[in-house]
Peer 1: 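Sending over a structure as structure tokens; questions will come in a sec.
All values derive from a computational prediction rather than experimental measurement. The figures here come from the full heavy-atom set of this structure, side chains too, leaving out hydrogens, waters and symmetry mates.
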Amino acid sequence: VAQALLAVIEKHQLQIPAFDNLLEARIFDLYNDPMPDRATLEGYLGETRSVLFQMGLQIVMGQEPENGDAAGHAGVALGVANILRHMAQHRVRSQVFVPVEIMNAVGLGTAQFLAIDDASKFDPVIAALTALGRDHMEKAREAVGSLEKPHRNAFLLLEICKLVFDRADKTGGKLAIEPLQISSLNIQWRMLLASLRG
């Protein structure tokens, strides 16, 4: 795997420091420190998710993109969607990816967030995270719309975001209790339709 990755890095002249930053940011995943605030979350997702969109775009374009807005917003949107999808598992492992400032704004502390099992208590948290994710998703789509049609394929994963956010609106706080299950077939179908629409 490492050899294949190095070959891709060399072929497409991807930036080595970006991989270093990604690995450094992922250290957060190994511990149970809570995510302090929205800015820290967006920075973390930028280093771990947005950078992958940026590299994907560089590969399909054949050169480094001049504007990183599409990748930046897409990475945060996808990252928030994944936090929503896996919140139940994170809580079981005592991991808190939801920013503390968001929890505090709705009257929850970290200990409460990990301990309570009343789904309705999580409704405001899910709503706040979904709103944050949708905001970045819409900004990403606007930026992606300015790209040439073949280059938009680097952003097909944005289709997962809309699916997750729509489900989160319906499911609410239950996401903190039960993981959100989305079939691979559903995801592939939506990505195929998005690629055909361009």
Side-chain angles (χ1 to χ4, degrees), residues 1-87 89-90 93 95-102 129 132-165 184 187-188 191 194-195 198:
V1 173
Q3 288 179 335
L5 177 59
L6 288 172
V8 171
I9 290 172
E10 181 177 359
K11 178 179 179 180
H12 299 285
Q13 299 181 334
L14 303 179
Q15 298 297 314
I16 294 293
F19 287 93
D20 291 337
N21 293 339
L22 188 157
L23 294 175
E24 186 72 23
R26 281 292 186 186
I27 291 175
F28 179 86
D29 300 4
L30 303 178
Y31 302 96
N32 292 340
D33 298 328
M35 187 70 67
D37 51 45
R38 172 178 167 168
T40 303
L41 174 64
E42 290 173 332
Y44 164 80
L45 295 177
E47 301 264 328
T48 59
R49 300 286 183 180
S50 300
V51 67
L52 299 178
F53 278 109
Q54 187 77 354
M55 290 178 186
L57 183 57
Q58 181 173 339
I59 289 171
V60 299
M61 290 182 68
Q63 63 184 33
E64 190 168 353
E66 295 181 3
N67 190 322
D69 284 353
H73 290 299
V76 176
L78 184 61
V80 170
N82 283 330
I83 290 171
L84 288 166
R85 285 181 71 184
H86 303 295
M87 188 181 295
Q89 292 106 317
H90 292 158
R93 297 195 297 260
Q95 290 183 303
V96 183
F97 287 89
V98 179
V100 172
E101 70 174 2
I102 289 180
L129 267 184
L132 174 62
R134 279 192 190 279
D135 180 53
H136 282 283
M137 180 183 71
E138 294 306 325
K139 289 176 180 175
R141 284 181 163 179
E142 183 177 348
V144 169
S146 67
L147 297 173
E148 294 182 15
K149 187 173 181 179
H151 301 159
R152 297 174 195 167
N153 286 334
F155 296 90
L156 292 179
L157 285 176
L158 278 174
E159 293 304 305
I160 297 175
C161 299
K162 184 177 186 315
L163 180 58
V164 171
F165 299 148
S184 298
I187 291 172
Q188 293 298 322
M191 289 173 61
S195 68

Peer 1: Give the minimum heavy-atom separation between Met137 and Lys162, together with the two atoms involved.
Peer 2: SD-N, 3.6 Å
Peer 1: May I ask you to test the Phe19-Val51 pair for a side-chain heavy-atom distance under 4.5 Å?
Peer 2: no
Peer 1: Taking only residues at least two apart or on different chains, which pairs with a member in residues 31-40 satisfy side-chain hydrogen bond (donor to acceptor under 3.5 Å, both in side chains)?
Peer 2: Asp37-Thr40, Arg38-Glu42
Peer 1: If you round to the nearest 0.5 Å, how far is OH of Tyr44 from CD1 of Ile27?
Peer 2: 11.0 Å
Peer 1: Any side-chain heavy atom of Leu41 sitting closer than 4.5 Å to one from Ile83?
Peer 2: yes
Peer 1: The test is side-chain contact (heavy atoms from CB on, under 4.5 Å); show your working for Leu22 and Leu52 and say whether it passes.
Peer 2: CA-CA 9 Å; Leu22 188 157; Leu52 299 178; 3.8 Å; yes
Peer 1: Apply side-chain hydrogen bond (donor to acceptor under 3.5 Å, both in side chains) to Arg85 and list each qualifying residue two or more places apart in sequence or on a separate chain.
Peer 2: none
Peer 1: Which value, rounded to the nearest 0.5 Å, describes the distance between His90 atom NE2 and Asp29 atom CG?
Peer 2: 7.5 Å
Peer 1: If every non-hydrogen atom of Gly133 is compared with every non-hydrogen atom of Ala77, which pair is closest and at what distance?
Peer 2: O-CB, 3.8 Å
Peer 1: Counting neighbours of CD on Glu148 that are heavy atoms of other residues, nucleotides or ligands and sit closer than 6.0 Å, is the number greater than 12?
Peer 2: no
Peer 1: Restricting to non-hydrogen atoms, name the atom on Ala18 and the atom on Met55 that form the minimum distance, rounded to 0.1 Å.
Peer 2: CB-CE, 3.5 Å
Peer 1: In sequence, state the C-alpha distance, the side-chain angles, and the governing distance for Leu147 and Leu57, and then conclude on side-chain contact (heavy atoms from CB on, under 4.5 Å).
Peer 2: CA-CA 10 Å; Leu147 297 173; Leu57 183 57; 4.1 Å; yes
Peer 1: How close do Leu45 and Gly79 get, counting heavy atoms only, and between which atoms?
Peer 2: CD2-CA, 3.7 Å
Peer 1: Could you tell me if the side chain of Asn82 sits less than 4.5 Å from the side chain of Phe97, heavy atoms only?
Peer 2: no
Peer 1: To the nearest 0.5 Å, tell me how far Asp69 CG sits from Ser146 OG.
Peer 2: 8.5 Å
Peer 1: For residues Val98 and Met87, report the shortest heavy-atom separation together with the two atoms involved.
Peer 2: CG2-CE, 3.8 Å
Peer 1: Going through the checks in order, is the side-chain contact (heavy atoms from CB on, under 4.5 Å) test met by Gln15 and Glu64?
Peer 2: CA-CA 10 Å; Gln15 298 297 314; Glu64 190 168 353; 3.9 Å; yes
Peer 1: So, the side chain of Gln58 versus the backbone of Gln13: is there a donor-acceptor pair under 3.5 Å, distance only?
Peer 2: yes
Peer 1: Mind checking whether Met191 and Leu157 have side chains closer than 4.5 Å, heavy atoms only?
Peer 2: yes
Peer 1: Do other residues, nucleotides or ligands put more than 12 heavy atoms under 6.0 Å from the CD atom of Glu24?
Peer 2: no
Peer 1: Can you name the residues that form a salt bridge (charged side-chain N to carboxylate O under 4.0 Å, His left out) with Asp135, not counting sequence neighbours?
Peer 2: Lys139
Peer 1: Drop me the distance from Gln95's CD to Met35's CE, to the nearest 0.5 angstrom.
Peer 2: 10.0 Å
Peer 1: Quick one: pull up CZ in Phe53 and CG in Leu78 and give me the separation to the nearest 0.5 Å.
Peer 2: 5.0 Å
Peer 1: Please report the shortest heavy-atom distance between Cys161 and Ala81, naming the atom on each side.
Peer 2: CA-CB, 4.1 Å
Peer 1: Could you walk me through whether Asn153 and Leu156 pass the side-chain contact (heavy atoms from CB on, under 4.5 Å) test, one step at a time?
Peer 2: CA-CA 5 Å; Asn153 286 334; Leu156 292 179; 4.0 Å; yes
Peer 1: Could you tell me the separation between the CD1 atom of Ile59 and the CG atom of Leu14, rounded to the nearest 0.5 Å?
Peer 2: 5.0 Å
